[in-house]
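Values below: all heavy atoms of this structure, side chains included; hydrogens, waters and symmetry mates excluded.
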2 protein chains.
Amino acid sequence: MRKTFLFLDTIVNKVDAKGRVSLPADYRAIVKETASEIVCYRSFNSPCIEGCLETMLDKLADEMDSNLDFFSETQDEISNLLFGDSKRYPFDSTGRIMLSEKLLKHAGITDTAVFVGKGRKFQIWNPQNWEKEEERIRAAVLKNRPSIKKSENDR
Amino acid sequence: MRKTFLFLDTIVNKVDAKGRVSLPADYRAIVKETASEIVCYRSFNSPCIEGCLETMLDKLADEMDSNLDFFSETQDEISNLLFGDSKRYPFDSTGRIMLSEKLLKHAGITDTAVFVGKGRKFQIWNPQNWEKEEERIRAAVLKNRPSIKKSENDR
DNA sequence: TTGATTCCCATAAAATCCCATGTTATACCA
DNA sequence: TGGTATAACATGGGATTTTATGGGAATCAA
């Protein structure tokens with residue numbers, strides 16, 4: 001199908017009165033190669049929205065078909081929840097999507113959204129929550145890899 | 001792509017008023033074989049910018065979703081930070097990239113940048129900081145290997 | 001009809017392209 | 001070998017395009 005693609009970077013965009021948000025241009029460029037819509041669902045682990053290409057879910061479905069034995073029952077159940085929760089979000093000619101109330105509520109997003117690249121997928125956060133989350137992850141990394149020092153120039 | 005490639009040498013270039021820097025020609029030659037952009041992120045260990053080919057991150061992403069761990073929150077936390085912090089930096093027809101404020105701040109770079117080859121990746125430093133860092137590394141090496149003596153001809 | 005979604009146009013700021021120039025490195029030739 | 005012509009590179013500045021974002025009109029659903 002295609003070459004490599006990666007959702008990268010952290011981008012802050014506004015959510016306007018109608019509930020529209022610009023999908024970051026870089027993300028759009030990736031999506032456009034195969035479609036004009038992304039798939040979003042509520043993250044199971046965090047108060048944020050997750051987004052990916054439909055092909056990702058398709059791959060998941062394939063894996064479930066062919067590897068039934070290797071998947072735990074709970075994994076299966078989670079997958080099914082995922083399909084039920086996911087929805088396509090097409091973007092208009094100016095590159096905006098309109099997130100559902102359900103998603104916005106789950107992530108606590110009102111007027112500003114932060115897009116965070118996660119490689120094959122991405123997340124959408126409330127700015128304050130993301131700040132805390134990033135802090136948490138950094139702390140976890142430092143704890144597990146004491147050799148890494150915090151830079152003086154940051155913050 | 002070539003089987004082997006190495007970012008080598010240390011090159012000093014100017015950062016202009018718009019925040020543009022020429023990617024050293026040697027580096028560009030390497031990148032051009034597969035792409036017209038590099039990926040940069042804030043070094044975890046030092047006050048500098050790190051750059052590499054997108055293929056590097058792509059490999060990481062492959063590893064991450066090959067453990068069928070679509071839902072896990074225990075995915076390597078460094079990767080998690082890495083994708084969110086990384087960004088593509090395409091270079092224009094004259095070979096320049098435009099580094100983000102975030103990166104420049106992290107590295108304390110204003111009007112001059114030093115590119116330092118690190119093999120599969122490279123770093124970008126503030127000149128003064130790099131000087132100190134190089135000094136530090138040299139000292140550390142000498143300390144660990146007392147048999148190596150500083151040459152009188154150096155400096 | 002009413003509320004919501006989609007489409008279209010407008011705009012300011014930022015990113016990118018393109019041309020020009022000085023400088024350095026490389027090739028070439030007598 | 002020395003010296004010059006040529007090409008490659010780094011850099012500056014202006015023009016052009018892309019992006020994010022706001023708002024109105026058109027379309028749709030209940």
Side-chain angles (χ1 to χ4, degrees), chain A residues 7-33 35-40 49 51 87-105 109-117 122 124-127 130, chain B residues 7-33 35-40 49 51 54 86-105 109-117 122 124-127 130:
Chain A
F7 292 108
L8 299 177
D9 205 3
T10 299
I11 293 105
V12 180
N13 279 346
K14 289 207 176 148
V15 181
D16 73 13
K18 296 181 185 176
R20 298 176 297 184
V21 217
S22 285
L23 192 66
D26 279 359
Y27 291 16
R28 235 183 297 153
I30 292 172
V31 181
K32 265 193 193 155
E33 294 190 7
S36 63
E37 58 198 12
I38 56 173
V39 169
C40 292
I49 302 164
K87 180 167 159 24
R88 294 186 192 85
Y89 290 86
F91 45 84
D92 64 25
S93 60
T94 63
R96 284 181 288 199
I97 54 176
M98 230 189 66
L99 298 168
S100 71
E101 263 312 310
K102 184 177 75 175
L103 292 183
L104 292 174
K105 191 180 165 199
I109 294 171
T110 56
D111 62 352
T112 311
V114 182
F115 292 78
V116 184
F122 61 89
I124 312 177
W125 286 79
N126 159 302
W130 168 244
Chain B
F7 292 109
L8 299 176
D9 206 1
T10 299
I11 292 105
V12 181
N13 279 345
K14 288 206 177 152
V15 181
D16 73 14
K18 294 181 185 175
R20 297 177 297 185
V21 219
S22 284
L23 191 67
D26 281 358
Y27 291 16
R28 235 183 296 153
I30 293 172
V31 181
K32 265 193 192 153
E33 296 194 4
S36 61
E37 59 199 11
I38 56 172
V39 169
C40 292
I49 301 164
E54 185 168 345
S86 297
K87 180 168 164 19
R88 292 184 197 81
Y89 290 87
F91 43 83
D92 63 25
S93 60
T94 63
R96 284 179 291 195
I97 55 176
M98 224 189 68
L99 297 169
S100 72
E101 266 309 311
K102 184 177 76 175
L103 292 184
L104 293 174
K105 189 180 167 199
I109 294 171
T110 55
D111 62 352
T112 311
V114 183
F115 291 78
V116 184
F122 60 90
I124 312 177
W125 287 79
N126 159 303
W130 169 243

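For the pair B/Lys14 NZ and C/dT24 P, the interatomic distance rounds to 11 Å; values are reported in whole Å. At whole-Å resolution of the value, CG in A/Asp16 and P in D/dT19 are 19 Å apart. Rounded to a whole Å, the NZ atom of B/Lys32 is 11 Å from the P atom of D/dA8. The CD1 atom of A/Ile97 sits 12 Å away from the P atom of D/dA20 (whole-angstrom rounding). What separates CD of A/Glu101 from P of C/dG3 is a distance of 16 Å, to the nearest Å. Remark: C1' of D/dT19 and CG of A/Asn13 are 9 Å apart, rounded to the nearest angstrom.
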Inset, instruction - Run the numbers on B/Asp26 and B/Leu8 for side-chain contact (heavy atoms from CB on, under 4.5 Å), then give the verdict. - result: CA-CA 8 Å; B/Asp26 281 358; B/Leu8 299 176; over 6 Å; no
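Residue contacts shown for A/Leu23 are limited to sugar-phosphate atoms, with no base heavy atom under 4.0 Å away.
The aromatic rings of A/Tyr27 and A/Phe7 sit perpendicular, their planes meeting at an angle over 60°, well past the 30° parallel limit.
Counting only heavy atoms from C-beta outward, the side chains of B/Phe122 and B/Val116 never approach each other to under 4.5 Å. Between A/Trp125 and A/Ile109, every side-chain heavy-atom pair lies at or beyond the 4.5 Å cut-off. Within the 4.5 Å cutoff, no side-chain heavy atoms of A/Phe91 are placed close to those of A/Glu37.
End-to-end axis angle of the helix from C/dT1-D/dA30 to C/dA30-D/dT1, from C1' rotation axes over five pairs per end: 40° (rounded to 10 degrees).
Of all heavy-atom pairs spanning B/Tyr89 and B/Ser100, the tightest one is OH-OG, 3.2 Å.
Here the side chain of B/Asn13 pairs a donor or acceptor atom with the backbone of B/Ser22 at under 3.5 angstrom.
Atom NZ of A/Lys105 sits in a sparse spot, with 12 or fewer heavy atoms from other residues, nucleotides or ligands closer than 6.0 Å.
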Legend entry - B/S/- contact track for nucleotides 8-18 of chain C, protein heavy atom under 4.0 Å: BB-----SBBB
